[in-house]
There are 2 protein chains.
Amino acid sequence: MNQSIICPRFEKAVSLLSQRWTTLLIYQLLNGPQRFGTIQSSIAISGRVLSERLKELEHQGIVKRDVIPETPVRIEYSLTEKGFSLEPILKEIENWSQVWVKKEELDT
Amino acid sequence: MNQSIICPRFEKAVSLLSQRWTTLLIYQLLNGPQRFGTIQSSIAISGRVLSERLKELEHQGIVKRDVIPETPVRIEYSLTEKGFSLEPILKEIENWSQVWVKKEELDT
DNA sequence: ATTTTTAGTTACTTTATGTAAGTTATTATA
DNA sequence: TATAATAACTTACATAAAGTAACTAAAAAT
């Protein structure tokens with residue numbers, strides 16, 4: 001039996017990143033602070049789930065929510081330091097995809 | 001509007017890796033070829049979903065299924081070259097988790 | 001002949017996500 | 001002044017994905 005126990009920190013990270021939309025959402029915020037509506041139209045996420053994800057990522061210290069007291073009020077979401085520190089992971093995924101994902105399988 | 005279109009290859013890679021259990025499953029197979037039952041007891045995945053995931057990953061060319069004609073027959077799952085090429089991504093996640101996932105949030 | 005083991009599959013339940021309409025606050029338009 | 005528009009959500013309901021537990025098929029061991 002190959003019963004090596006998986007590190008709980010790793011498991012936690014994986015469970016975060018493997019929630020649907022989370023990785024794409026963070027990737028999108030690497031481009032800078034963005035509003036709810038902008039995020040929503042950049043990835044195909046529904047408002048219901050986007051709202052849920054933003055709250056959870058805020059709770060995990062990955063995303064920051066800022067109320068900008070303009071008129072009308074503007075709400076901006078951005079990455080914290082912890083959020084930005086995920087960039088190398090996303091870049092690895094990006095690299096991998098350039099090498100290994102073929103045109104033919106894009107609609108699989 | 002920050003409407004930069006997300007690369008379809010990247011999206012495809014993300015959608016693969018963000019299916020529940022997929023990352024953990026691949027991580028487990030980095031330890032070498034394993035049988036259905038061994039995988040099942042190393043991560044908390046149900047048989048139903050494990051079977052589904054293995055089929056899909058085989059279809060994506062990430063996992064290989066080998067029937068070993070012993071008696072009784074033995075079935076071994078292992079990573080292909082494409083599968084192994086995901087290792088740097090998993091290592092990045094591992095590194096990140098060591099730095100950023102705190103003990104206190106393990107049960108969050 | 002009966003029980004075990006492995007690698008699944010099936011039927012059913014629970015959870016997650018999608019869809020579309022509604023809410024609150026403010027601003028623009030007729 | 002009344003009506004419509006926009007932004008950032010929330011709510012109720014529908015569909016899809018995952019969990020659970022029982023079942024199956026083939027072979028081997030008792």
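Each chain gets a letter, A, B and so on, in the order the sequences are listed, and its residues count up from 1.
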Open item on the list: I want to verify a distance call: between C:dA16, D:dC9, C:dT19, whose nearest atom is closest to the B:R20 side chain?
Closed with: C:dA16

List the atom pairs, with distances to 0.1 Å, where a side-chain N or O of residues 83-91 of chain A and a protein N or O form a donor-acceptor pair under 3.5 Å, not counting sequence neighbours.
| residue | atom | partner | partner atom | Å |
| --- | --- | --- | --- | --- |
| A:S85 | OG | A:K82 | O | 2.5 |
| A:S85 | OG | B:W96 | NE1 | 2.7 |
| A:S85 | OG | B:W100 | NE1 | 3.1 |
| A:K91 | NZ | A:E94 | OE1 | 3.4 |

- [ ] Write down the distance between CZ (B:R74) and C1' (D:dA28), rounded to a whole number of angstrom.
- [x] 16 Å

Open item on the list: For a quick test of reading the model: is some side-chain N or O of A:Y77 closer than 4.0 Å to OP1 or OP2 of D:dC9?
Closed with: yes

Open item on the list: Distance check needed: D:dA7 P versus A:I68 CD1, whole Å only.
Closed with: 15 Å

TODO: Identify which nucleotide among C:dA7, D:dT20, C:dT17 has an atom closest to any side-chain atom of A:R53, counting heavy atoms from C-beta outward.
DONE: C:dT17

TODO: Compare all side-chain heavy atoms of B:I62 with those of B:E56 and state whether any distance is below 4.5 angstrom.
DONE: no

Task: Note, B:L50 side chain near B:L25 side chain (heavy atom, < 4.5 Å) - done: yes

- [ ] Examine distances only and state if a side-chain atom of A:R9 and a backbone atom of B:V101 form a donor-acceptor pair shorter than 3.5 Å.
- [x] yes

Under 3.5 Å, N/O pairs linking protein and nucleotides 27-30 of chain C:
| residue | atom | partner | partner atom | Å |
| --- | --- | --- | --- | --- |
| C:dT27 | OP1 | A:T71 | OG1 | 2.0 |
| C:dT27 | O5' | A:T71 | OG1 | 3.4 |

Task: Euclidean distance, atom CD of residue B:Q40 to atom C1' of C:dA7 [Å, nearest integer] - done: 9 Å

Open item on the list: For A:G47, is there any backbone N or O sitting under 3.5 Å from a side-chain donor or acceptor partner on A:S51?
Closed with: no

- [ ] Please assess A:R53 against A:R20 for the test side-chain contact (heavy atoms from CB on, under 4.5 Å), listing each intermediate value before the final yes or no.
- [x] CA-CA 9 Å; A:R53 287 292 181 279; A:R20 199 181 293 188; 4.3 Å; yes

TODO: Report the distance from atom CD1 of B:I45 to atom C1' of D:dT20, rounded to the nearest whole Å.
DONE: 14 Å

- [ ] May I ask you to test the B:V63-B:T80 pair for a side-chain heavy-atom distance under 4.5 Å?
- [x] no

Task: Minimum-distance nucleotide (side-chain atoms of B:R35 versus C:dA7, D:dT20, C:dG18) - done: C:dA7

TODO: Find the distance A:I75:CD1 to C:dT26:P and express it as a whole number of Å.
DONE: 12 Å

- [ ] Calculate the interatomic distance between B:L50 atom CG and D:dG19 atom P; express it in whole Å.
- [x] 11 Å

TODO: Give a yes or no answer on whether the side chain of B:K12 reaches the backbone of A:E105 with a donor-acceptor pair at less than 3.5 Å.
DONE: yes

Task: Distance-only polar pair, side chains of A:Q34 and A:E76, donor-acceptor under 3.5 Å - done: no

Open item on the list: Output the rounded distance in Å from CD (B:Q34) to P (C:dG8).
Closed with: 14 Å

Can you tabulate the close N/O pairs, meaning under 3.5 Å, that link protein atoms to atoms of nucleotides 10-14 of chain D?
| residue | atom | partner | partner atom | Å |
| --- | --- | --- | --- | --- |
| D:dT10 | OP1 | A:K55 | NZ | 3.0 |
| D:dT10 | OP2 | A:S51 | OG | 2.6 |
| D:dT10 | OP2 | A:K55 | NZ | 3.1 |

- [ ] Tell me whether the OP1 or OP2 atom of D:dA17 has a side-chain N or O from B:W21 closer than 4.0 Å.
- [x] no

Task: Nearest-Å distance for atom pair CD/C1', residues B:Q19 and D:dA18 - done: 11 Å

